[in-house]
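Each remark here refers to the structure printed beneath this line.
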Amino acid sequence: DFFHITDNSILLSNDLIHSNQVSISPNPATDKISLFNCNNGLIKIYDLQGKLSLSTEIKSSIDISILKSGVYLVQINDLKSITYVKLIKK
């Protein structure tokens, strides 16, 4: 599940609609995630209570080993748009 915000519009979907859509893999993940179709910007990972759990610059691989098992909301701000992706941490 993700939502994508661009120019004050919101897109809610269970499927990636655009081939150039930002995505993360693997999901569920254990210790690292990889970002695709995203080059520069910031990534923030929030728990379901809204608490910021991790914040870092966008890299091809992000270490999430410090996160406890559970469901998180990943905010990907690639300087053009903001995308939210649900992440399951094993």
Side-chain angles (χ1 to χ4, degrees):
D1 295 344
F2 77 93
F3 38 145
H4 184 72
I5 302 172
T6 306
D7 299 325
N8 298 325
S9 64
I10 297 176
L11 171 65
L12 298 172
S13 177
N14 287 328
D15 300 313
L16 296 177
I17 293 178
H18 304 292
S19 61
N20 62 349
Q21 179 62 47
V22 174
S23 62
I24 59 175
S25 180
N27 195 2
T30 54
D31 58 352
K32 292 186 187 238
I33 56 172
S34 297
L35 298 172
F36 299 97
N37 297 319
C38 188
N39 296 319
N40 298 309
L42 298 173
I43 181 171
K44 294 181 181 182
I45 302 177
Y46 297 92
D47 65 19
L48 292 183
Q49 287 74 41
K51 178 183 169 197
L52 181 63
S53 301
L54 181 68
S55 180
T56 186
E57 290 185 16
I58 290 174
K59 303 175 253 186
S60 60
S61 180
I62 307 289
D63 182 2
I64 61 166
S65 61
I66 64 167
L67 300 177
K68 294 180 182 179
S69 296
V71 179
Y72 292 86
L73 188 62
V74 180
Q75 179 191 64
I76 304 165
N77 184 342
D78 68 359
L79 307 178
K80 293 182 281 181
S81 63
I82 299 173
T83 302
Y84 291 87
V85 180
K86 180 174 71 174
L87 170 66
I88 300 171
K89 167 71 163 64
K90 289 185 186 179

>> Leu52: which residues meet the side-chain contact (heavy atoms from CB on, under 4.5 Å) condition with it, sequence neighbours left out?
In response: Lys44, Tyr46, Ser55
> Residues two or more places apart in sequence or in another chain: which of them pass side chain to side chain donor-acceptor pair (under 3.5 Å) with Ser25?
Replying inline: none
> Can you tell me if Asn27 uses its side chain to pair, donor with acceptor, with the backbone of Lys86 under 3.5 Å?
Replying inline: yes
> For Asp31, what residues pass the side chain to side chain donor-acceptor pair (under 3.5 Å) criterion, not counting sequence neighbours?
Replying inline: none
>> Run the side-chain contact (heavy atoms from CB on, under 4.5 Å) test against Pro28 and tell me which residues pass, sequence neighbours left out.
In response: Ile88, Lys90
> Say you draw a straight line from SG of Cys38 to CD1 of Ile76; how long is it, rounded to the nearest 0.5 Å?
Replying inline: 6.0 Å
> What residues form a side-chain contact (heavy atoms from CB on, under 4.5 Å) with Lys59, not counting sequence neighbours?
Replying inline: Thr56, Ile62
> side-chain contact (heavy atoms from CB on, under 4.5 Å) with Lys89: which residues, sequence neighbours excluded?
Replying inline: Ile64, Leu67, Tyr72
> Would you say Leu48 and Ile45 are hydrophobically clustered, going by side-chain heavy atoms of ILVMFWY under 4.5 Å?
Replying inline: no
> Which value, rounded to the nearest 0.5 Å, describes the distance between Ile43 atom CD1 and Gln75 atom CD?
Replying inline: 9.5 Å
>> Membership question, hydrophobic clusters at under 4.5 Å side-chain separation (ILVMFWY): are Leu35 and Ile66 in the same one?
In response: yes
